[in-house]
Amino acid sequence: MIAAWPTPAGEEYAVAFDQGRAHRLLVLPAWFDEGNKLRHFTVEVMRRLDGSGIDSFLPDLPGCNESLAPLEQQTLESWRTEASEAAWHFSATHVLAIRAGANIAPDSLPGWRYAPLAGASQLRALLRARVLGSREAGRNEDRDRLLGIGRSEGLELAGYRLGAAMVDGLADAELPAPGQQRDIAQSDIGGPGLWLRAEPDHAPKQADALAAILAMELLA
Amino acid sequence: MANARALFDGDPRMSSQTATNDADTVLRQVLQDVLGLSAERVAAFTPETGLFGHLPELDSMAVAGLLTEVEDRLGIVIEDDEVDGEMLETYGALLAFVRAKRGG
């Protein structure tokens, strides 16, 4: 269930349900804090797809999860390249991009974007959390000024040390055109998005709903 | 800073989907979603119910998510310098802020 895949930065792990079946789904996880909150859900969706006869692969992006690569050295472009390399390595036929994962989904693959989030919106949430946290600690920080510092020196946001190139890339990142990928909104799944939860939680019914949508469309 | 401007303006695709909803209803719904509480628990919130600083799970990341979700659901933009401890301290203060924002 744990596989490895090669990147220019070194070997990374992936959660893999691989039985060499016809449908092979690359799963690009949500990022940062949202990635933690959605990881259980994401793996549960993969487990359900496995039961439906669909292979899936959840790679660690360099700098995330079990990766030993420094997050600070990663950029939007490097993650985009690595997502494509993971697609190639696992011979993916489709992609499921979750939240900000949509920013790096290979446009060569058909598939889905679950509640996609633009890089700029992701950064905005992280900056807002930092400003709020600092204010609580009695420090006044300004979002525009923080962004300026981030673009030139990098920035630590919600415990994640982002390099200048990543901050710069995210600040300008609009959601890419969906191309051959279809967007799935949270309202299609039902219930509140798990990324909203203050504490990580799981909702089996939501995993059922997303897996059912994917399986029905893949196996139709 | 043109980029900063674009970054911090609301995302037009997300706005106003429930803009006709009552601010009180939307705010309770978002708090329910963020805190994972039952509808009954959140319905029992009074203007004096303590939020940020009173509920340990409501950390700055969760508050940031809460504000963003309120913006999206009510079609408003909340600037950082409008956000202070007082406005986040109780349910009543947050609701008053959101109502003023919608009326303004």
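These values consider heavy atoms only, across backbone and side chains, with no hydrogens, waters or symmetry-generated copies. Below, chains carry the letters A, B, ... as their sequence lines are ordered, and counting in each starts from 1.
At a 4.5 Å heavy-atom cutoff, A/Asp201 makes no contact with chain B through either its backbone or its side chain. Of the two parts of A/Arg197, the backbone and the side chain both hold a non-hydrogen atom closer than 4.5 Å to a non-hydrogen atom of chain B. Heavy atoms closer than 4.5 Å to chain A are found in both the backbone and the side chain of B/Ile78. With a 4.5 Å cut-off on non-hydrogen atoms, B/Leu67 touches chain A through its backbone and its side chain both.
Salt bridge annotation for B/Asp80-A/Arg128: present, with a cationic side-chain nitrogen under 4.0 angstrom from a carboxylate oxygen.
More than 12 heavy atoms of other shown residues, nucleotides or ligands fall within 6.0 angstrom of atom CZ in A/Arg161. Summarising the local packing, CG of A/Asp107 is surrounded by 12 or fewer heavy atoms from other residues, nucleotides or ligands at distances under 6.0 Å. Surrounding OH of A/Tyr160 are more than 12 heavy atoms belonging to other residues, nucleotides or ligands, all under 6.0 Å away. The number of heavy atoms from other shown groups lying within 6.0 Å of CD (A/Glu174) does not exceed 12. More than 12 heavy atoms of other residues, nucleotides or ligands shown are found within 6.0 angstrom of CZ on A/Arg182. Within a 6.0 Å sphere centred on CD of B/Glu82, heavy atoms belonging to other residues, nucleotides or ligands number more than 12.
Taking both residues in full, the closest heavy atoms of B/Thr68 and A/Arg124 are given as CG2-NH1, 4.4 Å, listed atom of the first, atom of the second, then distance. The shortest heavy-atom contact between B/Asp33 and A/Pro192 is CG-CB, 3.2 Å. Considering every non-hydrogen atom in both B/Ala64 and A/Ala125, the closest pair reads CB-O, 3.7 Å.
Looking at heavy atoms from C-beta onward, A/Leu132 lies out of side-chain contact with B/Met61 at the 4.5 angstrom threshold.
Against chain B, no residue from residues 57-85 of chain A qualifies, as none has a non-hydrogen atom under 4.5 angstrom away.
One finds the CG atom of A/Asp144 at 9.5 Å from the CG atom of B/Asp81 (value rounded to the nearest 0.5 Å). Between the OG atom of B/Ser60 and the CZ atom of A/Arg135 there is a distance of 11.5 Å, given to the nearest 0.5 Å.
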